[in-house]
Amino acid sequence: MQHPAELSPLGKSSAYVSSYAPQLLFPISRETKWHELGLTAATLPYRGVDIWNCYELSWLLPSGKPVVAIGEFVIPADSPNIIESKSFKLYLNSLNQTVFASREALGETLVRDLSAVAGAPVRVRVSSIQEATAQGLAELPGLCIDDLDIAISDYAAPRAELLRCEPARQVSASLHSHLLKSNCPVTGQPDWGSVLVEYQGPFLRPESLLAYLVSFRQHADFHEQCVERIYLDLLRVLRPQRLAVSARYVRRGGLDINPYRSSEPFIQVNPRLARQ
């Protein structure tokens with residue numbers, strides 16, 4: 001079966017356009033993967049966002065002087081479409097020789113174009129290098145499980161059966177790992193990420209979570225869909241009172257993607273990890 005992204009610029013040779021070209025943006029419907037996971041837009045068991053950070057954002061002032069900045073784009077997790085990452089990069093590069101009167105004018109253009117393709121309102125923040133530097137680096141909260149001893153030899157697909165919990169023992173916990181890796185479903189390139197699981201419910205054996213996350217190592221899917229699969233598998237196994245799963249992915253082509261899925265209302269945060 002052809003992956004929806006195979007019609008996009010992903011994995012193909014593309015000419016870089018340096019003047020404003022919003023038509024480069026390529027939408028990919030979330031519905032196909034929702035259906036694969038047994039979901040519909042009306043039955044999503046989570047709320048959330050996908051936070052994209054762009055480290056190669058540049059445009060021209062009316063004087064012809066270039067500006068560089070860092071862009072933050074927040075796309076609702078229930079938007080009809082995700083934006084294919086290479087098309088996103090090509091679009092952002094099309095701003096390089098485009099004149100904007102101000103940072104605010106650029107932001108208005110980004111909001112309009114990205115919201116139209118995502119099919120839902122996209123929030124945009126454009127930060128100077130100084131502002132981004134002042135935010136510094138962060139660490140994920142809770143217990144890092146990466147040093148636990150596990151034995152695993154099957155990396156072809158996520159294995160939810162590896163997850164083990166103790167129903168009689170109720171806890172509130174935060175666990176994280178930097179060992180998440182999957183592959184792009186079109187190009188096969190590796191995607192590296194750090195994942196955070198926060199929950200209230202039956203005790204989840206940390207070594208079983210680590211083995212489960214490592215089983216994604218040769219799995220082919222987009223960042224957003226990997227996080228949704230992790231969330232759904234934990235939801236089925238734990239049946240928790242609350243659950244949040246987020247991942248901070250390493251950038252590719254000047255963009256990093258950071259999905260967040262939660263059973264509860266949340267305050268959006270966008271911490272930058274050392275690998276980002």
Side-chain angles (χ1 to χ4, degrees), residues 28 30 33-34 36-37 39 44-55 72-79 82-85 88 137-146 155 157-160 162-163 173-185 189-199 204 206 208-235 237-238 240 242-264 266-276:
I28 298 175
R30 295 187 193 263
K33 284 294 176 177
W34 283 344
E36 182 181 307
L37 295 170
L39 304 175
L44 298 179
Y46 54 74
R47 58 197 78 194
V49 292
D50 302 324
I51 303 175
W52 297 59
N53 295 306
C54 171
Y55 300 94
E72 175 188 284
F73 314 110
V74 182
I75 303 174
D78 61 354
S79 64
I82 62 175
I83 301 173
E84 188 278 309
S85 59
F88 206 150
L137 296 179
E139 296 182 357
L140 292 177
L143 174 68
C144 180
I145 60 177
D146 291 348
Y155 313 101
R159 298 174 57 197
L162 293 171
L163 294 167
S174 297
L175 307 171
H176 68 264
S177 171
H178 303 291
L179 299 184
L180 180 63
K181 175 195 170 290
S182 55
N183 294 328
C184 172
Q189 293 186 64
D191 294 319
W192 306 92
S194 300
V195 63
L196 171 65
V197 174
E198 301 171 293
Y199 73 97
L204 175 64
S208 77
L209 175 62
L210 182 59
Y212 166 72
L213 294 174
V214 172
S215 73
F216 276 79
R217 199 164 177 84
Q218 293 298 328
H219 178 62
D221 230 335
F222 287 133
H223 306 62
E224 302 92 335
Q225 293 148 1
C226 287
V227 170
E228 288 171 359
R229 188 176 295 273
I230 295 168
Y231 180 94
L232 290 171
D233 285 344
L234 288 169
L235 192 66
V237 171
L238 291 176
R242 61 175 178 84
L243 174 65
V245 176
S246 57
R248 308 289 307 180
Y249 277 91
V250 175
R251 76 185 73 165
R252 186 192 297 165
L255 288 169
D256 65 40
I257 307 172
N258 307 279
Y260 182 92
R261 302 292 183 268
S262 175
S263 61
E264 306 298 318
F266 62 93
I267 298 174
Q268 174 208 322
V269 294
N270 186 23
R272 184 158 59 99
L273 304 186
R275 288 198 297 169
Q276 297 181 301

Subject >> side-chain contact (heavy atoms from CB on, under 4.5 Å) evaluation trace for L162 with S208 >> reply: CA-CA 6 Å; L162 293 171; S208 77; 5.6 Å; no
**OP:** Applying side-chain contact (heavy atoms from CB on, under 4.5 Å), run through I257 and F222 and close with a yes or a no.
**Re:** CA-CA 10 Å; I257 307 172; F222 287 133; over 6 Å; no
Testing the basics here: between [X] and [Y], what is the closest heavy-atom pair and its distance to 0.1 Å?
X    : Y    : result
H178 : D146 : N-OD2, 2.9 Å
L235 : P240 : O-CD, 3.8 Å
S215 : P158 : OG-CA, 3.4 Å
W34  : D78  : CH2-O, 4.0 Å
D191 : N183 : OD2-C, 3.8 Å
D221 : S182 : O-OG, 4.2 Å

**OP:** Mark yes or no for whether S263, through its side chain, and R242, through its backbone, hold a donor-acceptor pair below 3.5 Å.
**Re:**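 It does not hold such a pair.
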Original post:
Does the K181 side chain pair with the main chain of W192, one donor and one acceptor, at a distance under 3.5 Å?
Top reply: no
Original post:
In this structure, which one of Y260, Y249, W52 forms a ring pair (Phe, Tyr, Trp, His ring centres under 6.0 Å) with H223?
Top reply: Y249
Original post:
Can R229 and E36 be counted as an ion pair, charged N to O under 4.0 angstrom?
Top reply: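 Salt bridge: yes.
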**OP:** Answer yes when D256 and R272 have at least one side-chain N-carboxylate O distance shorter than 4.0 Å, and no when they do not.
**Re:**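 No, D256 and R272 are not salt-bridged.
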I need the [X] [atom1] to [Y] [atom2] distance, nearest 0.5 Å.
X    : Y    : atom1 : atom2 : value
N258 : S246 : CG    : OG    : 8.5 Å
L210 : L175 : CG    : CG    : 10.0 Å
I83  : F88  : CD1   : CZ    : 5.0 Å
L209 : L213 : CG    : CG    : 4.5 Å
Y212 : D233 : OH    : CG    : 3.5 Å
L140 : C144 : CG    : SG    : 8.5 Å

Subject >> Trace of the side-chain contact (heavy atoms from CB on, under 4.5 Å) decision for L179 with V195 >> reply: CA-CA 8 Å; L179 299 184; V195 63; over 6 Å; no
Original post:
Side chains of N270 and E72: donor-acceptor distance under 3.5 Å anywhere?
Top reply: yes
Original post:
Are side-chain N/O atoms of S194 and R275 paired as donor and acceptor at under 3.5 Å?
Top reply: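 Their side chains do contain a donor-acceptor pair, which is all the 3.5 Å distance test asks for.
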Original post:
Taking atom CD of E139 as the centre, does the number of heavy atoms from other residues, nucleotides or ligands within less than 6.0 Å exceed 12?
Top reply: no
**OP:** Measure from NZ or CZ of R261 to the centre of the six-membered ring of Y46, then state whether that distance is under 6.0 Å and the direction lies within 45° of the axis.
**Re:**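 Judged by the rule, R261 and Y46 form a cation-pi pair.
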Heavy-atom distance under 4.5 Å between the side chains of [X] and [Y], does that happen here?
X    : Y    : result
P271 : R248 : yes
V245 : P259 : no
Q225 : P185 : no
L234 : L163 : yes

Subject >> Working for side-chain contact (heavy atoms from CB on, under 4.5 Å), residues E228 and K33 >> reply: CA-CA 10 Å; E228 288 171 359; K33 284 294 176 177; 5.5 Å; no
